Amino acid sequence: MELFDVQPTKTAVQKQAILDNVRLPEDWKQALAEELTSDNMDSLRAFLKEAYQSESEDGIYPPAPLMFNAFNLTPLSQVKVVILGQDPYHRPGQAMGLSFSVPKAIPKPPSLNNLLKEMADDIGIKPSAHGDLTYWAQQGVLLLNSSLTVREGEPNSHQNQGWEQFTDAVIDVINEQTAHTVFILWGSKAQKKGKYINTDKHLILTAVHPSPLAANRGGFFGSKPFSKTNDYLVQYGQTPIDWQLPQ
């Protein structure tokens, strides 16, 4: 008997079979192939399968078909901006696979209200009646959470299960394969996650988190991330983001 268990290396055929079952745009799938076929993702898939079976699908957010919504709405080739959140909203109906975003029929959470208030003050746009940020995602704003799932009523409940390694890989891919991307990192956790971003070819904008507890202490309001983002994009010949959400 061997002293240590040795995990067999996946064959190319086995890796391709895994990738064939991943519902992501092809450019994301190819760029993240190593991570998607890693032991980390094997463990994460096992964890999620058990979580969905034990909690019932209604107890895990977002619904499984929306888990990779951010990537499906914003292919790698279209990424201009990354807004990094922590984990999905954990109340019924809120999470839709996009950081900070909620469906049109759902009341805007406090963090999103503060985000839209800062946008209004920054670029003079009246906040929309809803909090669905799909329009931003369709323009190249990757609305990424550090963890892509959460248990109902329990924020951070899916931390340290493998999502962090996956989203680190996402940030590494954007860092390496794009140029002049704006990373908007609100709060200390997001800022730590972006510590290896190459500031010679990307812009990092930081501030405290827009949650009421943090934002009201100062440092979020007046940080002007929306105008700074567009100024940078225009400087490097890219189309600015239209931040005005359709009513």
Side-chain angles (χ1 to χ4, degrees), residues 61-62 69-70 74 79-91 93-103 106-123 125 127-128 130-137 141-161 163-168 170-171 174-175 181-197 199 202-230 232 241 243 245:
Y61 301 134
N69 198 24
T74 313
V79 172
K80 297 178 179 179
V81 182
V82 179
I83 297 180
L84 185 61
Q86 184 168 297
D87 61 352
Y89 294 122
H90 55 88
R91 300 298 181 193
Q94 292 181 318
M96 55 183 296
L98 305 175
S99 62
F100 296 101
S101 181
V102 293
I106 299 297
K108 291 177 284 187
S111 293
L112 180 55
N113 268 323
N114 284 341
L115 186 160
L116 295 176
K117 180 179 184 299
E118 171 60 18
M119 182 189 72
D121 293 342
D122 181 7
I123 54 179
I125 290 178
S128 62
H130 66 83
D132 185 346
L133 308 182
T134 297
Y135 184 58
W136 294 1
V141 181
L142 182 67
L143 296 164
L144 178 67
N145 279 313
S146 295
S147 297
L148 301 191
T149 55
V150 71
R151 186 182 301 118
E152 180 178 356
E154 297 184 37
N156 305 320
S157 52
H158 285 187
Q159 280 192 348
N160 303 318
Q161 298 295 339
W163 278 130
E164 291 86 356
Q165 181 173 317
F166 171 76
T167 49
D168 279 348
V170 172
I171 292 173
I174 298 170
N175 183 42
T181 298
V182 181
F183 291 84
I184 300 177
L185 308 178
W186 289 321
S188 59
K189 289 186 178 180
Q191 289 159 28
K192 288 177 182 176
K193 200 168 181 69
K195 62 184 176 181
Y196 296 118
I197 295 168
T199 55
H202 302 296
L203 176 65
I204 299 177
L205 299 176
T206 62
V208 300
H209 195 275
S211 65
L213 183 63
N216 292 335
R217 292 175 178 169
F220 178 76
F221 296 116
S223 58
K224 301 187 179 299
F226 303 96
S227 61
K228 289 177 180 176
T229 292
N230 278 353
Y232 181 82
I241 305 300
W243 298 108
L245 296 172

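One-based numbering along the sequence shown. If you're wondering where the values come from, they're calculated on a predicted model, not measured in any experiment. Atom set for the values below is all heavy atoms of this structure, side chains included, hydrogens, waters and symmetry mates excluded.
The CG atom of D168 sits 11.5 Å away from the CG atom of N175 when rounded to the nearest 0.5 Å. The CG atom of D87 lies 8.5 Å from the OG1 atom of T149; values are rounded to the nearest 0.5 Å. Atom-to-atom distance recorded for N160:CG and H158:NE2 is 12.0 Å, nearest 0.5 angstrom. Atom CG of residue L133 and atom CG of residue L143 lie 5.5 Å apart, to the nearest 0.5 angstrom. Put simply, CG on L185 and OG1 on T206 are 7.0 Å apart, with the number rounded to the nearest 0.5 Å. To the nearest 0.5 Å, atoms OG (S101) and CG (D132) are separated by 4.5 Å.
For H209 and F100, the distance between ring centers is under 6.0 angstrom.
In this model, no donor atom of one side chain and acceptor atom of the other lie less than 3.5 Å apart for K189 and S146.
Contact record, Q94 with P103: O-CD, 3.1 Å, taken as the closest heavy-atom pair. Minimum heavy-atom separation, H90 to Y61: O-CE1, 3.4 Å. Minimum interatomic distance between Y89 and V102 (heavy atoms only, all atoms of both residues): CE1-CG1, 3.4 Å. Of all non-hydrogen atoms in P110 and P212, the two that sit nearest each other are CB-CG, 3.4 Å. For the pair K224 and D121, the tightest heavy-atom approach, listed with the atom from each and the gap, is NZ-O, 4.4 Å. Summarising the geometry of L116 relative to P127, their closest heavy-atom pair is O-CG, 3.8 Å, with the distance given to 0.1 Å.
Considering only heavy atoms from C-beta on, F183 comes within 4.5 Å of I174 through its side chain. Residues N145 and V150 fail the side-chain proximity criterion, which asks for heavy atoms closer than 4.5 Å. At least one side-chain heavy atom of M96 sits under 4.5 Å from a side-chain heavy atom of T134. Within the 4.5 Å cutoff, no side-chain heavy atoms of T181 are placed close to those of L142. Proximity of I123 to M119: side-chain heavy atoms (C-beta onward) are separated by under 4.5 Å at one or more points. Between T74 and V141, every side-chain heavy-atom pair lies at or beyond the 4.5 Å cut-off. Put simply, the side chain of P225 reaches to within 4.5 Å of the side chain of D122, judged on heavy atoms. No side-chain heavy atom of L98 sits less than 4.5 Å from a side-chain heavy atom of W136.
Between the S99 side chain and the I83 main chain, a donor and an acceptor come within less than 3.5 Å of each other. Proximity of a side-chain donor or acceptor of S157 to a complementary backbone N or O of R151 within less than 3.5 Å is detected. K228 contributes a side-chain N or O that, together with a main-chain N or O of S223, makes up a donor-acceptor pair within less than 3.5 Å. Of the possible polar contacts, one joining the Q191 side chain to the A207 backbone as a donor-acceptor pair under 3.5 Å is found. Listed for the K80 side chain is no donor-acceptor partner under 3.5 Å among the backbone atoms of T229.
Taking the six-membered ring where tryptophan is involved, the planes of W186 and F220 are perpendicular, since the angle between them exceeds 60° and thus also 30°.
Checked options L115, L205, V81; the residue passing with F226 is L115 (criterion: side chain to side chain contact (heavy atoms under 4.5 Å, CB included)).
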request  = Mind running side-chain contact (heavy atoms from CB on, under 4.5 Å) on Q86 and S147 for me, showing each step along the way?
outcome  = CA-CA 6 Å; Q86 184 168 297; S147 297; over 6 Å; no
